[in-house]
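Accompanying notes for the structure given below.
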Amino acid sequence: MAVFGGRRGDDNPALPPGQHLTASFPVLSAGPTPSIDTEDWEFFIQTETGQTHRWNWDKFLALPSEDITVDIHCVTSWSKFGTRWRGVSLDTLFSEVETGFDFVMAHSYGGYTTNLPRQELLDGKAWIAYEYGGSELDPEHGGPARLLVPHLYFWKSAKWVRGLVMQSEDNPGFWEEYGYNLHGDPWREERYS
Ligand SMILES: Nc1nc2c(c(=O)[nH]1)N[C@H]1C(S)=C(S)[C@@H](COP(=O)(O)O)O[C@H]1N2
Ligand SMILES: [Mo]
């Protein structure tokens with residue numbers, strides 16, 4: 001793996017503690033890459049009333065989208081600076097949703113899950129991304145669409161995201177069940193619980 005930016009514990013102020021830079025884009029998947037046809041794809045948000053808001057691919061692409069350039073940080077210690085994405089802000093998706101629940105379980109095609117506080121998805125901090133580097137998102141990296149929550153460790157950015165289920169409590173998702181931190185802020189090194 002190409003490593004630049006100097007030694008570990010580098011004083012680059014944009015690099016969180018215990019991270020090193022990589023120029024490559026590693027693929028980390030706990031299982032096989034699902035193949036999802038955009039004809040069949042949907043994204044949903046389910047609230048405590050049981051109401052489910054659904055977007056099919058056409059409806060999703062018709063929403064306002066944003067170009068996003070962000071640094072990403074994997075808990076296995078690589079960080080990648082200046083990744084370029086296009087996606088729909090979670091603010092846009094949540095503007096159609098009424099909920100009093102403060103936590104979210106993200107569910108992916110293939111069964112992966114990860115938990116987040118709803119607040120961490122709002123105020124311009126999270127997107128459903130469907131392009132990377134100006135091209136459609138590679139299936140290995142979560143295409144057709146993935147969650148992008150770059151201010152938290154990258155395991156929170158669920159690939160092949162399928163929907164969000166609102167929760168009253170911060171129940172653990174897939175990696176969190178194995179001892180990863182419930183929150184996962186790289187600046188506070190919230191790696192494990
Ligand atoms: N559905 C799903 N999403 C996932 C994962 C996974 O195994 N399955 N791995 C997570 C982890 S641990 C990381 S570091 C990033 C890796 O994203 P990448 O493969 O695009 O680098 O995806 C996250 N999202
Ligand atoms: Mo990861």
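Only heavy atoms go into these numbers, but all of them, side chains included; no hydrogens, no water, no symmetry mates. Atoms within a ligand are numbered from 1 in the order they appear, just like the ligands themselves.
- The shortest contact between atom 12 (S) of ligand 1 and any protein heavy atom is with Trp155 CB, 3.4 Å.
- Remark: ligand 1 atoms within the under-4.0 Å shell around heavy atoms of Ser108 are 1 (N).
- Considering only non-hydrogen protein atoms, atom 23 (C) of ligand 1 sits nearest to Phe154 O, 3.4 Å.
- Those atoms of ligand 1 with a heavy atom of Ala158 less than 4.0 angstrom away are 3 (N), 24 (N).
- Shown here is Tyr178, whose OH atom has no more than 12 heavy atoms of other residues, nucleotides or ligands within 6.0 Å.
- Ring-centre distance between Tyr132 and Phe25: below the 6.0 Å cut-off.
- Counted by atom type alone, Thr114 and Glu176 present one or more donor-acceptor pairs between their side chains at under 3.5 Å.
- Considering both main-chain and side-chain atoms, Ala30 comes within under 3.5 Å of ligand 1 through a nitrogen or oxygen pair.
- Using a non-hydrogen distance threshold of 4.0 Å, Arg146 registers as a contact of ligand 1.
- Donor-acceptor pairing under 3.5 Å is lacking for the side chains of Glu96 and His53.
- The shortest N or O to N or O distance between Ser157 and ligand 1 is under 3.5 Å.
- Pro26 counts as a contact of ligand 1, since one of its heavy atoms falls under 4.0 Å from the ligand.
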* To do: Evaluate side chain to side chain donor-acceptor pair (under 3.5 Å) for Asp170 paired with Asn115, printing each intermediate quantity in order.
  => CA-CA 7 Å; Asp170 203 12; Asn115 58 292; 2.9 Å; yes
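- Remark: ligand 1 atoms within the under-4.0 Å shell around heavy atoms of Trp160 are 1 (N), 2 (C), 8 (N).
- Between the side chain of Glu136 and the backbone N or O of Glu131, no donor-acceptor pair lies under 3.5 Å.
- Considering both main-chain and side-chain atoms, Lys159 comes within under 3.5 Å of ligand 1 through a nitrogen or oxygen pair.
- Scanning the protein for heavy atoms near atom 18 (P) of ligand 1, the closest one is His141 ND1, 3.5 Å.
- Listed here is the closest heavy atom pair of Pro186 and Leu152: CD-CA, 3.7 Å.
- Where the criterion is an N or O separation shorter than 3.5 Å, residue side chain and backbone included, Cys74 fails it with respect to ligand 1.
- For the pairing with His151, the side chain to side chain donor-acceptor pair (under 3.5 Å) check across Glu120, His73, Lys156, Lys125 returns one residue only, Glu120.
- The shortest contact between atom 9 (N) of ligand 1 and any protein heavy atom is with Leu28 O, 3.2 Å.
- Not one N or O of Tyr109 is nearer than 3.5 Å to an N or O of ligand 1, by distance alone.
- Residue Phe25 has no N or O atom closer than 3.5 Å to an N or O atom of ligand 1.
- With no hydrogens or angles considered, a side-chain donor-acceptor pair links Glu48 and Thr99 at under 3.5 Å.
- Between Trp41 and Phe43, the ring planes are parallel. Angles under 30° get that label, and only those over 60° would be called perpendicular.
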